[in-house]
S.K.: 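My structure is below; once you've seen it, I'll send some questions.
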Amino acid sequence: MVCSVPAPGRQRNSPKRGPAGRRPALRRLLGRGLGLAIAVVLLVSGIGLPPPATGPDILMAPGFAHPLGTNDIGQDVLAGLLAATPNSIAIAFLAAAATLALAILGGLAAACGGRIVQALVLRLVDILQILPSILILLVVAASLEPGLVTLVLLLALTNWHDDVRVVRALILRELTRESLQQARLVGYGWFYLSVRHLLPPIAPELRALALESVRRAALKTAGLGFLGLVDPQLPTWGGMMQDALGHLTTPAWAWLMLPPAVTLALFLLTIQRLSGDPSGRTAAEAEA
Amino acid sequence: MFKPLAGILLTLAASLALPAGPSALRAEPEAPLVIADPRGDRGLLAPFAHRRDGMGYIYTGFLFDTLVEKDETGAFVPGLALHWQASGAGLVYDIDLDPSARWQDGQPLTAQDVAFTVDYLRRHRHGFVSVEAIGEAVTLDEARLRLTLTRPDAGFVGEVLAGMPVLPAHVYRDIEDPQRFASLEAATGSGPYRLATFDKAQGRYRLEAVAGHRAGPPRFSTVVITRLAPEAAALALIRGEADIVPNLMPAKAAEVTAAGKLVIETSSGHPVRLLFNHRNPVLAPLAVRRALAHALDRQALADIAYQGHAQVAEAGYFQKGSRWLRDGGLPGYAFDPQQAERLLTEAGWTRDAAGNWQTEGAPDTLRLVVGEDMRRLAVTLADQFARFGLKVALSVLEQGALQDRLASDEFDLALASTSTLGDPNGIGRRIVGDDWRHDRFPGDQDLRDLLRRQSEALDADERQRILWQFEDLYLAQLPSLMLVDPVWMTGHSPRVVPVMPADGVAIGIPSPLHRSLFYRPGAL
Amino acid sequence: MAAGFPSRAGRMVLDRALALLLVVALGFLLPRFMPGDPVELQRASDLDLGLAAAQRETLRQEMGLGGSLGEQFLTYCAALLSGDLGFSVAHAAPVSQVVAGALAWTSLLVLLAFPIYLLIGPWLGIESGLAPERPLGRGLLVGLSALGSVPPYAVSILLLWLLAVAVPLFPLGGAEALLPPADPLVRIAGVLHHAALPALALATHEIVRFFFLSRGATLALSLRPFVINARARGIAGWRLRVTYLARSLAPVLAGRLGDTLAGQFSVVLFVEIVFSYPGIGLVIHEAIRARDLALLQGAVICLAAAILVLNALLDGLAGRLARRG
């Protein structure tokens with residue numbers, strides 16, 4: 001096997017400038033900075049909030065007292081959303097970070113390791129990629145009822161292999177650069193080389209990968225919550241959507257389902273926008 | 001590459017075509033009775049193969065007769081046995097079988113079959129029915145046999161004679177592993193219906209009337225039991241496609257009655273109890289358990305967690321629907337935070353600056369573990385405790401994790417919903433037994449004596465008196481706290497009149513799917 | 001890859017065999033590390049009288065839980081090789097029977113969804129890719145981006161509400177009418193009627209995927225000389241879309257079908273739960289909840305095997321298309 005050839009069809013372009021690219025850079029920066037600031041404040045203030053209190057107002061339609069209505073044990077949907085949003089976002093980002101870290105480790109091993117290590121890692125990745133990871137996620141989550149930390153680890157462990165080949169291709173590309181070759185000759189260790197020379201140039205691609213991971217993690221977390229497989233003391237969008245399942249033929253499904261679903265969709269769209277034109281990546285795939 | 005796909009299509013087509021064979025083409029004299037069961041597939045309806053739950057047992061009971069039956073009022077009436085007579089201080093039962101009883105394959109049903117069943121249940125665990133009380137079963141002739149008990153048992157008729165499905169000896173004789181005997185032959189019974197087809201994937205059973213049944217032909221020539229999601233089941237009833245929906249969604253009840261259908265509300269007989277971990281020294285003082293009881297607003301629990309489709313449970317052990325419930329019930333632990341506060345203070349608990357209760361040598365939160373089905377009640381309950389200043393860490397667990405936590409004592413409080421119907425012989429198992437599902441109360445000698453004496457009291461009045469004494473102790477000592485008794489709804493069309501007998505169907509299953517559904521008036 | 005065809009095929013088979021072995025090992029190990037005593041959990045009801053020690057041991061043996069972990073695994077593999085997937089006590093039926101019954105229904109959904117997303121996704125993608133800056137192209141991009149951000153169960157619930165509750169064109173759930181009609185043709189029509197909504201929900205997710213794939217590929221193809229020439233010569237409409245674009249897209253799309261299969265399972269699971277469709281997803285969901293070890297293992301292994309085989313076939317097809325194209 002020739003291991004210096006990047007896998008076809010997996011190489012990604014740096015994020016293309018989408019429609020946002022036509023706006024003045026300053027405005028764009030401001031917009032993003034503001035959004036980011038709001039997100040950070042929301043996140044930090046809200047992680048770990050308990051579920052909202054139960055009450056006698058059961059399945060109330062949205063109104064004055066409860067702007068988004070109440071669920072079937074009288075919990076205010078808006079309060080639930082305020083508690084669930086930071087958790088769900090935090091899980092998605094932490095899981096993406098953990099996934100990326102694992103993928104970088106795997107990528108480094110697959111690019112710079114010995115022949116046997118390289119072959120082993122790549123084969124493992126191939127095998128994991130054809131496994132439906134949702135099966136494993138389901139079985140494990142069913143037994144653990146994961147809370148925030150467990151969930152993050154679980155998501156990372158069932159996701160990391162998707163990114164290894166891309167990371168490896170990027171690293172191989174960098175390895176051929178002269179500055180790196182020189183640094184290597186000077187005799188720096190692998191850790192120093194990776195952190196100072198190897199990873200910084202591929203940061204934009206890694207960022208795009210991480211954002212894609214955020215999307216996947218958010219969707220999977222919501223899915224597990226929807227199946228009731230997340231710690232019930234940890235409010236999430238998925239858990240809120242689960243409330244709607246028993247009320248599909250009554251009007252209540254709308255105020256139980258739509259607030260978390262719309263918030264999740266908006267979050268996913270925002271992430272998609274941050275990572276550039278959605279077709280950028282797939283165009284790259286098609287060109288291969 | 002389309003070969004495998006075509007193969008799958010062919011299989012599918014074949015599976016569709018097969019069950020709709022000759023029986024479906026025959027002209028129906030009347031529309032079948034359709035039971036749309038939201039909980040789904042109950043396994044093959046044979047005594048050892050059906051799913052180990054109440055409805056699986058009830059459906060199997062349509063196919064298999066018992067020696068004694070319960071009528072709509074809960075009184076014992078003849079089944080396969082025309083007479084049963086206890087003698088010798090309740091140690092000997094003489095049974096005369098109905099000579100017209102036959103198996104669905106045409107073989108006569110004899111005393112040998114009954115003796116075989118007793119022997120077979122001794123060797124093969126049935127789960128719901130135990131024949132341990134029977135010392136020996138001797139056949140006197142083709143239609144008579146004598147059962148000798150090892151000790152007097154007040155619950156014998158209810159638990160064994162009315163609970164034990166009689167097995168065909170000629171079918172089961174050589175079966176060594178009845179749990180895996182899963183062909184239609186395993187469902188050969190002596191009941192009013194035979195199992196014609198069973199579609200596993202869709203959870204659909206088709207039962208056909210047995211023409212020569214000893215109680216006369218049943219009212220419906222075909223009964224179809226099918227799995228249908230809760231909302232779809234309610235809709236099917238409204239549209240007239242289904243006749244009976246057990247476990248009707250309470251939220252759909254109004255719509256169902258508006259469509260001219262009927263809804264029966266039965267007290268579930270499955271009150272939800274708050275279990276205490278009696279191995280935990282913190283919960284050992286009675287005052288603490290009583291304080292927890294006073295801290296709970298049980299009416300609010302019923303209103304919020306069950307949207308009103310539950311009653312506050314009777315404070316004693318027996319619930320509505322039980323023949324043992326005394327008039328007016330017992331006064332329970334009223335919602336009284338001040339009283340709770342006094343009791344906790346007496347027990348040495350103090351409040352911290354934030355108003356949260358704490359006691360020496362105990363973590364400041366109580367661990368409440370519940371199953372998925374109790375999520376709503378548990379959240380509401382934890383909320384009430386939190387308002388009282390008791391911090392509760394709630395874990396809603398999947399069944400396996402729950403079993404693990406309960407069995408290994410990794411909990412302080414738990415919620416359990418178990419039957420309080422059936423013969424009172426089951427109480428001991430639930431209160432002082434060592435089953436992880438139940439109270440596991442150490443219980444003093446008085447309590448244990450009462451439970452033993454009620455089982456030996458052959459006189460119903462005496463048994464009643466002893467049981468009431470037991471109830472007083474139960475309420476005073478709080479092995480567990482009765483919280484709420486959910487209301488179970490069964491929707492049905494005017495074609496049928498489901499009835500729930502006192503103390504439930506057969507071994508105490510709180511469902512109105514009593515066999516009287518199928519009998520013509522006066523046939524029993 | 002640089003290696004020749006035979007070794008490539010060999011590697012593909014080997015990879016899949018290893019993957020399947022991994023699934024077998026996981027299917028064997030994971031349930032055994034789940035908390036809870038599987039023997040106790042078979043006693044689903046509190047009416048159950050409890051087990052004596054001897055009965056407990058017998059049941060343990062019957063469930064393949066006797067002996068050391070190594071012994072259990074060997075017994076398990078031996079049985080698996082002889083085609084015995086075990087016995088589901090909760091369903092009181094051999095696992096193979098339960099799984100086969102469910103797989104048939106899931107296959108029906110997957111097969112019905114197949115043409116829907118394979119036609120609609122690329123078609124919309126080509127339209128959007130041909131006119132990326134015009135309102136149609138932009139609108140499609142925004143709309144499908146939004147659709148792609150809605151989780152599959154939300155899509156299912158929306159469809160259910162729209163087409164089964166608000167406008168009751170389709171049944172609420174299940175795979176067939178309560179009483180299937182005797183006439184096979186009417187019956188098949190009924191089955192299709194029940195499968196329509198779940199299949200559509202299943203397809204929606206893939207439509208988005210294939211839309212983005214095709215749009216990206218179309219954008220790239222638009223820069224290639226043969227397309228530029230064709231458009232310059234005035235070739236447009238169906239001819240441009242089918243002869244020039246769709247044909248070149250086919251190998252790209254076929255290459256992604258393999259991934260699609262595995263990805264579709266996670267969608268099928270939710271769709272089957274929302275529509276209570278009696279397929280493999282519902283079986284797995286119930287097996288997890290009821291802690292039916294044997295069924296869970298059997299279902300996961302069968303499903304993984306099915307996905308691996310189909311995925312190999314599709315990859316083969318994609319390879320052939322790519323060489324031809």
Side-chain angles (χ1 to χ4, degrees), chain A residues 48-61 66 70-77 79-80 83-84 137-148 150 224-236 238-240 242-253 256-257, chain B residues 38 229-236 238-239 247 249-256 297 299-310 365 367-387 391-405:
Chain A
L49 272 184
T54 58
D57 297 342
I58 290 158
L59 288 177
M60 302 268 282
H66 303 283
T70 61
N71 70 3
D72 51 5
I73 46 175
Q75 292 173 321
D76 186 86
V77 174
L137 203 59
L138 266 186
V139 176
V140 180
S143 58
L144 292 182
E145 288 265 340
L148 200 141
T150 326
L224 289 179
F226 183 75
L227 295 174
L229 295 179
V230 175
D231 180 358
Q233 291 299 90
L234 183 73
T236 58
M240 293 184 72
Q242 190 197 21
D243 289 344
L245 253 190
H247 305 277
L248 294 183
T249 54
T250 65
W253 77 270
L256 292 177
M257 180 84 205
Chain B
E231 303 207 290
L235 200 67
I238 291 168
R239 290 181 180 159
N247 300 312
M249 280 174 76
K252 288 280 168 193
E255 243 178 283
V256 167
D297 182 352
Q299 186 63 53
L301 289 181
D303 291 344
I304 295 176
Y306 291 87
Q307 290 154 42
H309 302 296
T365 53
R367 295 162 296 171
L368 171 63
V369 300
V370 302
E372 186 59 44
D373 49 340
M374 296 282 168
R375 177 194 289 262
R376 294 208 314 221
L377 179 60
V379 171
T380 320
L381 187 91
D383 226 37
Q384 287 197 5
F385 275 142
R387 263 175 242 154
K391 277 200 262 173
V392 170
L394 168 64
S395 309
V396 179
L397 300 168
E398 158 281 340
Q399 284 307 308
L402 180 65
Q403 189 267 336
D404 192 44
R405 292 280 292 272

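Residue numbering restarts at 1 for every chain, and letters A, B, ... go by the order of the sequence lines. Note that the coordinates shown come from a computational prediction; the quantities given were computed from them, not determined experimentally.
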S.K.: Quick check on Asn71(A) against chain B: is it the side chain, the backbone, both or neither that has a heavy atom closer than 4.5 Å?
M.R.: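 Neither part.
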S.K.: Let's test your reading of the structure: which of Lys252(B), Met249(B), Glu255(B), Gln384(B) forms the most heavy-atom pairs below 4.5 Å with chain A?
M.R.: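 Maximum pair count with chain A is reached by Lys252(B).
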S.K.: I need the Asp72(A) CG to Arg375(B) CZ distance, nearest 0.5 Å.
M.R.: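 That separation rounds to 10.5 Å.
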S.K.: How close do Leu248(A) and Glu231(B) get, counting heavy atoms only, and between which atoms?
M.R.: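 Looking at all heavy atoms of both residues, the shortest contact is CB-OE1, 2.9 Å.
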